[in-house]
Amino acid sequence: SDVYKRQRNISFSGTFDGNNRRITYDAAGDALFNHVKPYSDSTQETVIQNIHATGSIRNTAQNAYYLGGVVSYAVGGKKVPAEIRNCTVTDMMLTVVDETVSGRGIGGIVGTAQDGVNHGVNIENCHVKGTNNIFAAAAANKFSTGGIVGQFMSTDNHISDCTVENAVIGGNHAGGIAGAMQGQISSCSVANSEISGSICAGGIAGTVYAGSNGSFVGRATGCTVDTCEIAISNTGSLPTQHGAGGIAGYNKGELNSCTVKGATISRPQGCNGDKIATNAKAANLSDPTGTQTNCTADSSTQLVELPAN
């Protein structure tokens, strides 16, 4: 098998094609790529593609803010986005050990993705497969965790045609595809997974954000959730913006043409929403209100409302 040397604090730009070779992690450390970002003013694409990873990464470093199965931290460039394509993780375990750090993201493919000066990160045709995938942190209430990406914090970020199956996902904002998101998710699916958030938990996204006065809108379109357990894990006090739903835990953005089948959703009483999402209510005219269009949950999807403490 091939051996790849991983180095922290070095930003990768350019194209890396794994040619679908298998990379096996079995150590403390980081993902194959710690930091991916197009170089400065370059118009050359930065692409990570065709990687198949398996095994476990146990990040023991202090101040480990993000961890991914392929890329831990991805940033868009000034003139081009960063692209992660055709990557798969199978039977992957990702854990961050430092209990003192308030982290950003843990994700099956990418830990945290955000925009650069003008462009974001595109994640396309990436998959979490196998029979046992676990993504979590020792201080789970301090990380956004997702099956594909933990934190997806840019309006220029896009996830499309990605799938997650047989995953156990735990964080403060936990989602089958993204933990916390401002960007766009389309044509993605999550199946046979357990998603648990101390604040928000959703089959596709833990929290979907939107900006005041429509400055930006997070959006999930054409996504499917099948046979998942989705729950708020916190039995103590919760912030105002909390919830669990088949598509989004807490929704300030837009959910379009999404479907939930055979899920069990557990959340405290008093959440403003249905099986699809807990939707934000506008406190004033400038605040965003979460919307749903043509979203459905089948009759086998159960909503369990627990007594609020």
Search all heavy atoms of I199 against all heavy atoms of I232 and return the closest pair with its distance. O-CD1, 3.0 Å
Which pair of non-hydrogen atoms, one from R219 and one from E254, has the smallest distance, and what is that distance? NE-OE1, 2.8 Å
Qualifying residues under salt bridge (charged side-chain N to carboxylate O under 4.0 Å, His left out), relative to E165, sequence neighbours excluded: none
The reported gap from OG in S198 to CZ in F143 (rounded to nearest 0.5 angstrom) is 12.0 Å
Less than 4.5 Å apart, side chain to side chain, heavy atoms only: is that true for T207 and K252? no
For K79, all residues meeting salt bridge (charged side-chain N to carboxylate O under 4.0 Å, His left out), sequence neighbours excluded: none
Looking at every non-hydrogen atom in both residues, tell me the closest pair between A201 and G197 and how far apart they are. CB-N, 3.6 Å
So, Q184 side chain and V217 main chain: donor-acceptor pair closer than 3.5 Å or not? yes
Identified side chain to side chain donor-acceptor pair (under 3.5 Å) counterpart of S72 within the set N34, T112, D30: D30
Non-hydrogen side-chain atoms of D226 and S189 separated by less than 4.5 Å: no
Taking only residues two or more places apart in sequence, or in another chain, which ones meet Y209 in a ring-ring contact (aromatic ring centres under 6.0 Å, His included)? none
Checking K37, H35, Q114 against Y73 for side chain to side chain donor-acceptor pair (under 3.5 Å), the one that qualifies is Q114
Quick one: list whatever passes side chain to side chain donor-acceptor pair (under 3.5 Å) with E194, sequence neighbours left out. none
Kindly compute the distance separating NE2 (H119) from CD (E83), expressed to the nearest 0.5 Å. 10.5 Å
Determine whether a donor-acceptor pair (N or O, by modelled atom type, separation under 3.5 Å) exists between the side chain of N19 and the backbone of R21. no
Residue list, side chain to side chain donor-acceptor pair (under 3.5 Å) with H127, at least two apart or on another chain: N125, T163
Within-4.5 Å side-chain heavy-atom neighbours: S187 and S160: no
Could you walk me through whether F33 and I48 pass the side-chain contact (heavy atoms from CB on, under 4.5 Å) check? CA-CA 9 Å; F33 295 95; I48 308 297; 3.8 Å; yes
Would you confirm whether N157, through its side chain, and A113, through its main-chain N or O, come within 3.5 Å as a donor-acceptor pair? yes
With the side chain counted from C-beta on, respond yes when T291 and L255 share a heavy-atom pair under 4.5 Å apart, and no when they do not. no
Quiz question: by atom type and distance under 3.5 Å, do the side chains of Q49 and N86 form a donor-acceptor pair? no
Donor-acceptor pair, K261 side chain versus T301 backbone, under 3.5 Å? no
Stepwise side-chain contact (heavy atoms from CB on, under 4.5 Å) test for Y250 and V208: CA-CA 6 Å; Y250 192 78; V208 180; over 6 Å; no
Between Y25 and A53 the two heavy atoms that sit nearest each other are CE1-CB, 3.8 Å
We want to know whether T90 and H52 form a side-chain donor-acceptor pair, criterion being a heavy-atom distance below 3.5 angstrom. yes
Applying side chain to side chain contact (heavy atoms under 4.5 Å, CB included), can you list everything that pairs with S300, at least two apart in sequence or on another chain? D298
Could you go through the side-chain contact (heavy atoms from CB on, under 4.5 Å) check for V89 and K129 one step at a time? CA-CA 6 Å; V89 301; K129 296 183 177 182; over 6 Å; no
Can you name the residues that form a salt bridge (charged side-chain N to carboxylate O under 4.0 Å, His left out) with E229, not counting sequence neighbours? none
Main-chain N/O of G171 paired with H173 side-chain donor or acceptor, under 3.5 Å: no
In chain order, what residues pass the side chain to side chain contact (heavy atoms under 4.5 Å, CB included) check against N132, with sequence neighbours excluded? D91, I134
Who pairs with S266 by side chain to side chain donor-acceptor pair (under 3.5 Å), at least two apart in sequence or on another chain? none
Could you walk me through whether L32 and I23 pass side-chain contact (heavy atoms from CB on, under 4.5 Å), step by step? CA-CA 9 Å; L32 177 63; I23 296 168; 3.5 Å; yes
Quick check against the 3.5 Å criterion: does D161 have a side-chain atom that pairs as donor or acceptor with the backbone of E124? no
In this structure, would V80 and V47 fall into the same cluster of hydrophobic residues linked by side-chain contacts under 4.5 Å? no
Compare all side-chain heavy atoms of T95 with those of I57 and state whether any distance is below 4.5 angstrom. no
Counterpart residues, side chain to side chain contact (heavy atoms under 4.5 Å, CB included), relative to S13 (two or more places apart): Y39, T46
Contacts of type salt bridge (charged side-chain N to carboxylate O under 4.0 Å, His left out), residue E45, not counting sequence neighbours: R85
Would you check if V128 and I148 make a side-chain contact, meaning some heavy-atom pair closer than 4.5 Å? yes
I84 side chain reached by C126 side chain, heavy atoms, under 4.5 Å: yes
Residues which pass side chain to side chain contact (heavy atoms under 4.5 Å, CB included) with T296, listed by chain and number, not counting sequence neighbours: T259
Starting from F16, can I reach V70 by hopping between I/L/V/M/F/W/Y residues whose side chains sit under 4.5 Å apart? yes
Could you grab the distance from atom CD1 of I276 to atom CD1 of I247, nearest 0.5 Å is fine? 5.5 Å
Mark yes or no for whether S144, through its side chain, and G105, through its backbone, hold a donor-acceptor pair below 3.5 Å. no
In the structure I gave you, are the side-chain heavy atoms of K275 and I265 within less than 4.5 Å of one another anywhere? yes
